[in-house]
Amino acid sequence: MPFKRPAISHETSSGCSSRHSSTSEVPSKRPKTNISAKIYPHVKLYIVQAKLDGPTIAELFSLAERTCAGLVSDVEDADVVLTSVTMRRRFERHVPWDVAKTKAIVTPSWLRDSAEEGKPLPCEPYVALQDLRDETLANCPACDKYPCDCEDTDCEYPAQAYPSPPTSSTSPTERISSSSDTPNPDDDTPAPDIPAYLLAPSPPLPTDFMRLSHTSRYACQRAHPLTCPNQKLALELDIIKKGRALEGEDRSALSYSRAISVIKSYPHLITSRRQVEKLPYLGTKILGLVEEFLDTGRIAEARGIASSERFEALTIFSSVYGIGPSTARRLFALGLRTLEDLEVYYGVEKDEPESQLVELEHKENFGSDAKVGLGETWVKIALGLREDLAIKIPRDEVEEMNQVVMRELNALEPGCTSTIVGGYRRGKPESNDVDIVFTHPDTQKVKGLCKRLVNRLYERDLSNFHGHNPLRTTHWDSLEKALTVFILPQSSPFYTGRRRRLDLIFAQPEVYWCAVIGWWV
DNA sequence: GGGCCTACG
DNA sequence: CGTA
DNA sequence: GCCC
């Protein structure tokens, strides 16, 4: 069950890297020297000349010669059609609609960028006519579709590199069958069918890591393995980043974040400054730190920060939910240093029974107490939770949590589906919290569902469940979310009694996959 | 030298 | 200010 | 701290 097949073809330290480096050290360079292998050796191209000026046409013809099997004069013979025409009416004056449906119809940039990158690119960003989007994707020569028959077979990706692909997180098919096959006392009516577009593809669409550029400015294009070849460097920089954040130097912290992200997406072991000085977000200062690391295996500034009493205290303080850098600094300035200091300061009774905490929460959420001092009450609760929340959650327990919640949700509103996102979806073997995105095919039924579920979970609480913080925020008028603390029922084989952070996100069916994709950066 | 993601409580 |  |  953990995984069926690797879904992400990311780099690992073994196997692929040599091949990778030998074929495309820097993708954006030298399409010219690569004469032996055309990027699209089997693709026949047709160019719609309308709206293109002379020089552009010449350029495209030249590019076509270098990258494709050739140009064809009859559009019927083509695999791919290049056009700057985006209006269906006008396009139909040049290519019959029925013919167009059998091709990939893309903008000229697709060819330019392919040549620039020196490798096949997916058509998706270059779809010329939105009316032919699906057909274009289906006919895209860059093996965007499934099954993928392109040449990733010579690169063995060790299965261990994938704790579990994102697919196992979705597996709505399993959820559905289990929810309809399993007798559910609360649910008389069978779950309605869920439209295919709300279900994850099974088996999953493969991701071609070779297509991703490590020089990209965009984080969403920087797929990277869980532990990268330059992990130690990344961790060292991360110390400085955290230090900056704790000291309130947000801008600097942001720069370190970006630099770390870029380094994590760089698939080779860094051995020289020259190797990485072209990468975005690596500037004077950080390149200097990289160089220092290459020379000495460490970064003095990071060592200094990591070993400072201040950093240690601020880190512990801000690990408490509700305490951020600013409050942490204030507490430190008051002379506090340890968790015990915090407990005294916030008046946490050591043997305070949990029921008291529940009461507190309840009052906090539903009571009429003034909002005065709410922050402090929160911190007091969070201090009690801290120990539990510091314990990571294994993947199978994450899945169990999803199942339990789905059981309650489908009892409430049959036909819902869910995808576990967050760290789990990124393949982490253990999670700090659990994020689940839900939807229902019926837009109307999604409205208010978040609150209903939280209320139900809270009612079911009676010993096993612990509803918390039923704050419901509407987002874009369509996303509702709830931040909760969850305990598995004692009947569950995974029951530990530990409280877990659980975020519930409800999306309208139209934006469901956007929410899934967008929940993490 | 100005701007850095954003929305909400 | 803190969290997602 | 880096980018434009």
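So you know, we letter chains A, B, ... as the sequences are listed, proteins then strands, and number each from 1.
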Exercise. Regarding Y424(A) and N402(A), is there a side-chain donor-to-acceptor distance under 3.5 Å anywhere?
Worked result: no
Exercise. What does R329(A) touch in the nucleic acid at a heavy-atom separation under 4.0 angstrom: a base, only the sugar-phosphate, or nothing?
Worked result: nothing
For this session: Would you indicate what V320(A) reaches in the nucleic acid, counting non-hydrogen atoms under 4.0 angstrom: base, sugar-phosphate, or nothing?
Result: sugar-phosphate
Exercise. How close or far is atom P of dG1(D) from atom CZ of R217(A), stated in whole angstroms?
Worked result: 20 Å
Problem set entry | Side chain of Y321(A) - closest among dA4(C), dG1(D), dG2(C) | dA4(C)
Problem set entry | Spacing between K278(A) atom NZ and dC2(D) atom P, to the nearest angstrom | 17 Å
For this session: May I ask you to say whether R310(A) pairs ionically with E247(A), meaning some side-chain N is under 4.0 Å from a carboxylate O?
Result: yes
Exercise. Which whole number of Å gives the distance between the C1' atom of dC5(B) and that of dT3(C)?
Worked result: 14 Å
Exercise. How would you label the contact of I323(A) with the nucleic acid (heavy atoms, under 4.0 Å): base, sugar-phosphate, or nothing?
Worked result: sugar-phosphate
Exercise. How is L254(A) classified with respect to the nucleic acid when contacts are heavy atoms under 4.0 Å: base, sugar-phosphate, or nothing?
Worked result: base
For this session: Taking only the side-chain nitrogens and oxygens of Y281(A), find out if one of them lies under 4.0 Å from OP1 or OP2 of dC2(D).
Result: no
For this session: Can you establish whether the number of heavy atoms outside E387(A) located under 6.0 Å from its atom CD is more than 12?
Result: no
For this session: Please report, rounded to the nearest Å, how far the C1' atom of dT3(C) is from the CG atom of N432(A).
Result: 14 Å
Exercise. With a 4.0 Å cut-off on heavy atoms, is D250(A) in touch with a base, just the backbone sugar-phosphate, or nothing at all?
Worked result: nothing
For this session: Answer yes or no: does a side-chain N or O of T327(A) lie under 4.0 Å from OP1 or OP2 of dC1(C)?
Result: no
For this session: Name the nucleic acid region contacted by R258(A), choosing base, sugar-phosphate or nothing; use a 4.0 angstrom heavy-atom cut-off, strictly under.
Result: base
Seminar exercise, completed: Between CD of E480(A) and P of dC8(B) the distance, given in whole Å, is 13 Å
Problem set entry | Separation of atom CG in L287(A) from atom C1' in dC3(D), rounded to whole Å | 14 Å
For this session: With the side chain of Y256(A) defined as its heavy atoms from C-beta on, choose the nearest nucleotide among dA4(C), dG1(D), dC1(C).
Result: dG1(D)
For this session: Run the salt-bridge test on E408(A) and R460(A) with the 4.0 Å N-O cut-off and return the result as yes or no.
Result: yes
Exercise. With a 4.0 Å cut-off on heavy atoms, is S318(A) in touch with a base, just the backbone sugar-phosphate, or nothing at all?
Worked result: nothing
For this session: Among dC2(D), dA4(C), dG2(C), find the nucleotide with the atom closest to the side chain of L483(A).
Result: dA4(C)
For this session: Find the distance L504(A):CG to dT3(C):C1' and express it as a whole number of Å.
Result: 15 Å
Exercise. For R330(A) and dC1(C), what is the distance between atoms CZ and P respectively, to the nearest whole Å?
Worked result: 11 Å
Exercise. Taking the C1' atom of each, how far is dG1(D) from dA7(B), in whole Å?
Worked result: 26 Å
Problem set entry | Note: E236(A)-R298(A) ion pair, threshold 4.0 Å (strictly below) | no
Exercise. Salt bridge check: are E124(A) and R133(A) linked by an N-O gap of less than 4.0 Å?
Worked result: yes
For this session: Can you tell me the distance, in whole Å, between the CG atom of L279(A) and the C1' atom of dG1(D)?
Result: 16 Å
